[in-house]
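Step one of this worksheet: look at the structure below.
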Amino acid sequence: MNYIYDKKYPVTSILLILTTLVFVGMLILRGFSYAEAQTVFEFGAVYSPTIIMNPIQIWRLFSAIFVHIGLEHFVVNVITLYFIGRQAEDIFGSRNFFLLYMMSGLMGNIFVFFFSPDALSAGASTALFGLFASIVTLQYVVRDSYIQQLGQSYMTLIVVNIIFSFMPSISLAGHLGGLIGGILCAVILPIKGSSNAFKPAQRWLVLLGYLALAALLIFLGFHHSLI
């Protein structure tokens, strides 16, 4: 059981377990059709027309974080989550790491909803881009050699992955939204050992900015005729 759930990294472990259970469920229930668009949709991918027609389906903006399109997509993201998640959970603490992951993933999927209204999109990469971006942001405000070293490494990964995001079938909007979510969360969420990196007023202001951006894009996504 210790290989599945690591008490030192509880949130990373739970996210890995949930993501894996969803993928295994797709395999068991759909067999060789597990990677087809219909299966991905049924398990909770973002698809703007469905959300617009039935607003209760807005839960897809969260569920899509745990759904993957094919084996390679799943494997790459869970391996990335395993390593990067543990590092980010060390830095932010478990509670704030969970908020960072979900808020980054949500913002990424909101970007998909608004900027890619015809796309069927899913995957943890929206949240993972947020993890990268948050630590890159922190390197400029926190005097910690470990965070600065990670931030420099992650900047390279971000640039490489953004270039690959222009390839067909990869969501550039989702990745950019995750990046923006991560940057904002780096200000909003205190990290362990350096809670004074930003003033409370700055944190609240940026949180309001995050909520306003999310609300605006969702509103405009439902009312494209106004644009």
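Worth saying up front: this structure is predicted, and the values here are computed from it rather than measured. Throughout, residue positions are numbered sequentially from 1 according to the sequence presented.
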Point-to-point distance, once rounded to the nearest 0.5 Å, from [atom1] of [X] to [atom2] of [Y]:
X	Y	atom1	atom2	answer
L106	Y101	CG	OH	13.0 Å
Q149	D144	CD	CG	10.5 Å
T20	L81	OG1	CG	9.0 Å
I52	I218	CD1	CD1	11.5 Å
M102	M107	CE	CE	13.5 Å
L150	L138	CG	CG	10.0 Å

Using the rule given for side-chain contact (heavy atoms from CB on, under 4.5 Å), can you reason through I162 versus L176, listing the C-alpha separation, both sets of side-chain angles and the distance that settles it, and then say yes or no?
CA-CA 8 Å; I162 286 295; L176 292 176; 3.8 Å; yes

Evaluation steps, side-chain contact (heavy atoms from CB on, under 4.5 Å), between F97 and L131
CA-CA 9 Å; F97 166 66; L131 302 187; 3.7 Å; yes

Checking [X] side chain against [Y] main chain: does a donor-acceptor pair fall under 3.5 Å?
X	Y	value
T19	L16	no
T39	A35	no
Q202	K199	yes
N109	A64	no

In short, side-chain hydrogen bond (donor to acceptor under 3.5 Å, both in side chains) pairs touching residues 42-70 with sequence neighbours left out are R30-E42, Q38-E42, Q57-R60, H68-N77

Assess the residue pair F74 and V78 against the criterion (side-chain contact (heavy atoms from CB on, under 4.5 Å)); give the C-alpha distance rounded to whole Å, side-chain angles, the decisive distance to 0.1 Å, and a yes or no.
CA-CA 6 Å; F74 165 75; V78 294; 3.4 Å; yes

Shared hydrophobic cluster for [X] and [Y] (ILVMFWY, side-chain gaps under 4.5 Å):
X	Y	answer
L211	I183	no
L15	V76	no
I188	Y140	yes
L205	L189	no
F129	F62	yes

Where [X] and [Y] come nearest, the two heavy atoms and their spacing:
X	Y	answer
L100	G182	CD1-CA, 4.2 Å
A173	F115	CB-CB, 4.0 Å
M103	L207	CE-CD1, 4.4 Å
P190	N96	O-ND2, 2.9 Å
A127	I65	CB-CG2, 4.3 Å
A122	A45	CB-CB, 3.9 Å

OH (Y82) with more than 12 external heavy atoms under 6.0 Å
no

Looking at F222, I want to see if its CZ is surrounded by more than 12 non-hydrogen atoms of other residues, nucleotides or ligands under 6.0 Å.
yes

Across all chains, not counting sequence neighbours, the side chain to side chain contact (heavy atoms under 4.5 Å, CB included) partners of Y9 are D6, T12, R86, E89, D90

Are side-chain heavy atoms of I147 and I191 found at a separation under 4.5 Å?
yes

Side chains of F113 and L217: closer than 4.5 Å at any heavy-atom pair?
no

Under the criterion side-chain contact (heavy atoms from CB on, under 4.5 Å), I'd like the reasoning laid out for I180 against Y210: C-alpha separation, chi angles, the key distance, then a yes or no.
CA-CA 9 Å; I180 291 173; Y210 174 98; over 6 Å; no

Donor-acceptor side-chain pairing of S125 and H175 below 3.5 angstrom:
yes

Quick check, are the ring centers of Y154 and F132 under 6.0 angstrom apart?
yes

When you look at F23 and Y34, which way does the ring-ring contact (aromatic ring centres under 6.0 Å, His included) test go after all the steps?
CA-CA 8 Å; F23 185 75; Y34 74 96; 5.6 Å; yes

